[in-house]
Amino acid sequence: MENESTVSEFFLQGISGFPEQQQLLYGLFLCMYLVTLTGNVLIILAIGSDPHLHTPMYFFLANLSFADMGLISSTVTKMLFNVQTRCHTISYTGCLTQMYFFLMFGDLDSFLLAVMAYDRYVAICHPLHYSTIMSARVCALMLALCWVLTNIVALTHTLLMARLSFCVVGEIAHFFCDITPVLKLSCSDTHVNELMVFALGGTVLMVPFVCIVISYIHIVFAILKVRTPGGGTKAFSTCSSHLCVVCVFYGTLFSAYLCPPSVVSTEKDVAAAAMYTVVTPMLNPFIYSLRNKDMKGALKRLLCHRKFLS
């Protein structure tokens, strides 16, 4: 994998091609970034400080919040820095590093959502065996597997990108180093990279999604069999927050990467990626805090405790 590239840096187009819009969007994205960090940190602190939330579902939710912070930080911070300094370059090494962390945290989000769907499936369809199936050891192994798989995928794409040659300093038509825009700048044969994007990318995207769909099919059938008045509604209410997050996450993800070529443009691609990497991580804490009574209670106790201490 000898890298023959003579390029030491790239230019990032940013969120918009117009300087006036860049400044306006800078303030918007900075606010969204700070809201995302604050919301997800509060989720993690609330789960960690409340013994009632020391369950598999909230264990994975805390890790999802961490992955969301990593996803938005890997993409937005460099864009904010470039707008503030009016320097829209990123080093070759920095570009590969950003690509690696973006892929890792993005894929980790997908795998964690699938694991959380499986957790809800076990809780509703096999409640008597829940504590045995979702033991602390099993949860730790599932989390470790998610981290290992996402790191392997991200590392594979990054190493394949590192073997390409870049003969001229080009402009990446994006606000971060995504795979496809960077591949367009290469003067090497990119067929292997494109094949791996299709094979690995499709697998990482569709396998967790299919697992989620199958889990919820079983959940729906199990709920329909409940004869207790209000029992089905109560059971499904434990899934509502997760289902909302899944819809937002995969809705923005599919719009970003599965649009037909005939409707794809640079502006639409950047907008869809912004929804996936910025808006979704920001919305997740609101969805879980507004639709989950246990989470709302834990956040209230956390904030009241902090206010009492101050």
**Q** Can you tell if the side chain of Thr156 reaches within under 4.5 Å of the side chain of Leu200, non-hydrogen atoms only?
**A** yes

**Q** With rounding to the nearest 0.5 Å, note down the distance linking OG1 in Thr89 to CZ in Phe10.
**A** 11.5 Å

**Q** Is it true that, when you exclude Phe66 itself, more than 12 heavy atoms of the residues, nucleotides or ligands shown sit nearer than 6.0 Å to its CZ?
**A** no

**Q** Within a strict 4.5 Å, meaning less than it, do heavy atoms of the Tyr118 and Ile133 side chains meet?
**A** yes

**Q** Quick one: pull up CE in Met79 and NE2 in His88 and give me the separation to the nearest 0.5 Å.
**A** 10.5 Å

**Q** Check the surroundings of atom CE in Met275: do more than 12 heavy atoms from other residues, nucleotides or ligands lie under 6.0 Å from it?
**A** no

**Q** For side chain to side chain contact (heavy atoms under 4.5 Å, CB included), just list the numbers for Ser188 and Phe166, CA-CA rounded to whole Å, side-chain angles, deciding distance to a tenth of an Å, and then say yes or no.
**A** CA-CA 7 Å; Ser188 303; Phe166 297 88; over 6 Å; no

**Q** Does His174 use its side chain to pair, donor to acceptor, with the backbone of Gln13 at less than 3.5 Å?
**A** no

**Q** Would Val210 end up clustered with Val122 when hydrophobic side chains under 4.5 Å apart are linked, directly or stepwise?
**A** no

**Q** Looking only at non-hydrogen atoms, find the nearest pair between Ile90 and Gln98 and report the distance.
**A** CD1-OE1, 3.8 Å

**Q** Nearest 0.5 Å, please: how far is CG in Leu12 from CZ in Phe176?
**A** 10.0 Å

**Q** Would you check if Cys177 and Ile172 make a side-chain contact, meaning some heavy-atom pair closer than 4.5 Å?
**A** yes

**Q** Do Asp68 side-chain atoms and Thr36 backbone N/O form a donor-acceptor pair below 3.5 Å?
**A** no

**Q** So does Gly94 get a backbone contact from the side chain of Ser91, meaning a donor-acceptor N/O pair under 3.5 Å?
**A** yes

**Q** Does the side chain of Phe175 come within less than 4.5 Å of Asn82's, by heavy atoms?
**A** no

**Q** Under 4.5 Å between any side-chain heavy atoms of Leu205 and Phe254, yes or no?
**A** yes

**Q** For Ser186 and Ser165, indicate whether the former's side chain and the latter's backbone hold a donor-acceptor pair under 3.5 Å.
**A** yes

**Q** Please test Phe102 against Leu71 for side chain to side chain contact (heavy atoms under 4.5 Å, CB included), starting from the C-alpha separation and ending with a verdict.
**A** CA-CA 6 Å; Phe102 159 69; Leu71 178 61; 3.7 Å; yes

**Q** Which pair of non-hydrogen atoms, one from Met295 and one from Leu53, has the smallest distance, and what is that distance?
**A** CE-CD1, 4.1 Å

**Q** Using distance alone, with no hydrogens and no angle criterion, decide if Ser110 and Tyr250 have a side-chain donor and acceptor under 3.5 Å apart.
**A** yes

**Q** Look at the side-chain heavy atoms of Ile, Leu, Val, Met, Phe, Trp and Tyr, link any pair under 4.5 Å apart, and say whether Val148 and Met104 land in one connected group.
**A** no

**Q** What pair of heavy atoms forms the shortest contact from Met99 to Asp178, and how long is it?
**A** CE-O, 4.1 Å

**Q** Minimum heavy-atom separation for Met134 to Pro56, with atom names?
**A** O-CG, 3.5 Å

**Q** Side chain to side chain contact (heavy atoms under 4.5 Å, CB included) for Leu155 and Tyr100? Distances and angles first, verdict last.
**A** CA-CA 6 Å; Leu155 190 61; Tyr100 170 79; 4.2 Å; yes

**Q** How about Leu183 and Leu164: do any of their side-chain heavy atoms sit closer than 4.5 Å?
**A** yes

**Q** How many angstroms lie between OH in Tyr92 and CE in Met161, if you round to the nearest 0.5 Å?
**A** 8.5 Å

**Q** Does Phe101 belong to the same Ile/Leu/Val/Met/Phe/Trp/Tyr cluster as Phe81, with side-chain heavy atoms less than 4.5 Å apart forming each link?
**A** no

**Q** Can you find a pair of side-chain heavy atoms, one from Leu37 and one from Ser73, that are under 4.5 Å apart?
**A** yes

**Q** Could you tell me whether a side-chain N or O of Asp50 sits under 3.5 Å from a main-chain N or O of Ala46, the two making a donor and an acceptor?
**A** no

**Q** Testing Leu145, Leu143, Leu149 one by one against Trp147 for a side-chain contact (heavy atoms from CB on, under 4.5 Å), which residue passes?
**A** Leu143

**Q** Hydrogens and angles aside, do His126 and Tyr121 bring a side-chain donor and acceptor to less than 3.5 Å of each other?
**A** yes

**Q** Going through the distances and angles, do Phe59 and Asp119 end up as a side chain to side chain contact (heavy atoms under 4.5 Å, CB included)?
**A** CA-CA 11 Å; Phe59 169 71; Asp119 169 78; over 6 Å; no

**Q** Please check if Phe111 and Leu141 belong to a single hydrophobic cluster, counting links between Ile, Leu, Val, Met, Phe, Trp and Tyr side chain heavy atoms closer than 4.5 Å.
**A** no

**Q** Rounded at 0.5 Å granularity, tell me how far SG in Cys239 sits from CD1 in Ile223.
**A** 5.5 Å

**Q** Suppose we call two aromatic rings close when their centres sit under 6.0 Å apart. Are Phe249 and Tyr276 close by that rule?
**A** yes

**Q** Just so I know, are the side chains of Leu113 and Leu64 near enough to count as touching, which here means a heavy-atom distance under 4.5 Å?
**A** yes

**Q** Do you know the tightest heavy-atom contact between Ile44 and Ser65?
**A** CG1-CB, 3.9 Å

**Q** For the residue pair Ala274 and Phe29, what are the closest heavy atoms and their distance?
**A** CB-CZ, 4.0 Å

**Q** From Ile179 CD1 over to Asn193 CG, what is the distance, rounded to the nearest 0.5 angstrom?
**A** 8.5 Å

**Q** Are the aromatic rings of His242 and Tyr288 close, with centres under 6.0 Å apart?
**A** no

**Q** Are Leu299 and Val41 connected in the hydrophobic side-chain network, where two residues link if heavy atoms are under 4.5 Å apart?
**A** yes

